[in-house]
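Here is the naming used below: chain letters follow the sequence lines, and residue numbers restart at 1 for every chain.
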Amino acid sequence: MSAQKPFIDIRHAKKSFGTLEVLKDINLQVDRGQIVAIIGPSGSGKSTLLRAINDLDPLTGGEIWLEDKQINMDLPHRQYERHINEVRQEIGMVFQHFNLFPHLKVRENVTLAPKMLKGLSDAEANALAEEQLTKVGMIERIDYYPSQLSGGQKQRVAIARALAMKPKVMLFDEATSALDPELVEEVNLVMKQLAEEHMTMIIVTHEMGFAESVCDRVLFMDQGVVVEEGPPEVIFRNPKSERTQNFLRKHLAGQQA
Amino acid sequence: MDYALMQRVFPFFLEAAWITILLSVLTAILGLTCAMLGTAARLSRFRVLRFLGAAYVSVFRGTPALIQLFILYFGGPQIGIQLDAFEAGVIGLGINVGAYMTETMRGAIISVDKGQGEAARTLGMSKWQAMRNVILPQAMRLMIRPLGVNLNTLIKSTALVAAISVVELTYTAQRYIGSTYKPFEMFLIAGLLYMIIIYVVGLGVTWADRKARLN
């Protein structure tokens with residue numbers, strides 16, 4: 001395993017907005033099938049790092065590779081657009097605020113991109129939507145509009161929409177942060193199911209319990225650097241860095257309050 | 001009030017109202033076309049186009065429509081643009097209202113949640129595919145009402161082309177005042193007909209808005 005080239009390889013990632021450095025030389029390697037959680041206080045750069053992977057927030061320095069393809073290649077605009085559109089098809093992303101298309105029914109939310117980008121026929125796309133929606137337990141709501149769904153249901157549809165592109169990697173950007181507490185579990189279950197299927201995942205989260213039970217590795221980020229990383233039992237039970245200890249203590253206190 | 005006179009001239013006003021309607025329809029079509037180009041320019045990734053779009057909007061919203069009409073109709077021949085009054089009216093007002101509509105359309109597009117475009121792009125859609133399939137359908141709903149306001153203003157500003165002697169409602173009223181010396185009656189008829197046109201158009205806008213919201 002370790003001799004293998006990493007599936008996702010982030011090298012010396014840097015990002016600044018003007019004079020503000022949000023990411024300071026981040027390195028992260030993820031193997032195929034691995035599940036990595038990124039935790040840290042808000043403003044630590046964890047979402048920015050995640051969003052850099054599919055170029056929503058382009059890096060200002062460093063390289064990101066997916067298998068043998070560099071994601072943030074230096075290409076003329078038109079060529080780069082074509083390149084990034086292809087790359088993004090292989091990277092599913094799930095947002096904190098779901099971002100379902102409100103003018104389309106659940107079914108069309110899922111079929112839109114596969115039909116447009118992979119040339120699937122209506123029948124093929126429908127079969128695909130039914131398959132993915134069954135998987136996330138949303139098949140009964142296939143003809144609903146997003147506005148008729150609860151937050152947890154919306155997020156499960158958003159996951160199905162991403163999965164319909166058959167991505168190699170799934171990125172979760174605080175997927176359960178905007179949900180009412182009682183709706184978190186249904187989304188977590190879907191993510192666990194993906195974990196069991198060995199989907200490669202990078203998860204930005206505030207849910208330490210979930211991260212501990214599902215992830216292979218945890219990164220603690222603060223002020224644009226990776227302060228500490230390791231297996232969840234080490235990071236959560238026995239963190240070396242004082243910053244990690246402080247963060248976890250505050251976080252735990254916040255949860256109990 | 002001279003009701004008999006009003007009755008006698010009414011058919012001629014009705015004819016003139018058709019000219020006002022025709023003028024409004026053509027101006028609206030030209031305005032929407034200008035606005036699509038203007039919006040595309042304002043949202044372009046090219047700085048030059050963005051500048052041209054912004055310049056178009058600020059020039060045509062920053063000067064009186066009447067002056068724009070005068071420049072086109074009276075000043076045009078000096079630089080080789082020969083238009084008859086009706087053409088000058090349509091083109092002048094169309095370009096003018098296009099500037100207002102540009103801001104309406106741009107406003108609707110940029111007020112669609114940023115996450116919508118991001119979600120579309122992360123699925124692999126190009127900028128244009130995301131615009132066409134995700135952002136525009138949502139922006140359309142947002143722009144129907146404000147475009148209706150633009151349309152309302154446009155219909156009323158067709159009265160300006162009376163000043164370059166297009167025989168529409170306002171000009172017709174002025175002409176009959178010249179021969180009857182009854183400004184109160186004549187302007188009342190004209191005003192009433194404008195109101196009817198605007199009321200009907202308003203109903204249409206409300207209907208379109210409701211229909212767009214339902215699906």
| request: Check whether any side-chain heavy atom of R210(B) lies under 4.5 Å from a side-chain heavy atom of R213(B), and answer yes or no. | output: no

| field | Heavy-atom side-chain proximity of N109(A) to F98(A) below 4.5 angstrom | value | no

| task | Verify the ring-centre separation between Y100(B) and F60(B): is it less than 6.0 angstrom? | result | no

| query | Among N99(A), L104(A), L117(A), N85(A), who wins on heavy-atom pairs under 4.5 Å with chain B? | reply | N85(A)

| said: Heavy-atom pairs under 4.5 Å with chain B: which of Q89(A), K105(A), H77(A), Q96(A) has the most? | reply: H77(A)

| said: Do Q70(A) and N72(A) pair up side chain to side chain, a donor and an acceptor below 3.5 Å, judged on atom types alone? | reply: yes

| Using 4.0 Å as the upper bound for N to carboxylate O, is an ion pair formed by D57(A) and K15(A)? | no

| query | Tell me, side chain or backbone of R161(A) under 4.5 Å from chain B's heavy atoms, or both, or neither? | reply | both

| task | Under 4.5 Å heavy-atom distance to chain B, tell me which part of L56(A) shows up: side chain, backbone, both or neither. | result | side chain

| task | Name the option with the most non-hydrogen atom pairs under 4.5 Å to chain B; the candidates are L100(A), V87(A), D55(A). | result | L100(A)

| task | Tell me, out of H97(A), E81(A), M116(A), who's got the most heavy-atom pairs with chain B below 4.5 Å. | result | M116(A)

| query | Is there a donor-acceptor contact under 3.5 Å linking the side chains of T134(A) and E131(A)? | reply | no

| request: Tabulate, in ascending numerical order, the residues of residues 132-139 of chain B having at least one heavy atom closer than 4.5 Å to a heavy atom of chain A, or enter 'none'. | output: N133(B), V134(B), P137(B), Q138(B)

| query | Do E207(A) and T176(A) have side-chain atoms, one donor and one acceptor, less than 3.5 Å apart? | reply | yes

| field | Residue among K14(A), K69(A), R11(A) satisfying salt bridge (Lys or Arg N to Asp or Glu O under 4.0 Å) with E63(A) | value | R11(A)

| pair E90(A)-P167(A): side-chain heavy atoms closer than 4.5 Å | no

| message | For the interface with chain B, which of A162(A), P102(A), G92(A), P114(A) has the highest count of heavy-atom pairs at distances below 4.5 Å? | response | P102(A)

| Nearest 0.5 Å, what's the CZ-CE distance between R51(A) and M93(A)? | 6.0 Å

| field | Residue F101(A) versus chain B: region with a heavy atom under 4.5 Å | value | both

| Partner chain A: residue of Q129(B), R121(B), K114(B) with the largest heavy-atom pair count (under 4.5 Å) | R121(B)

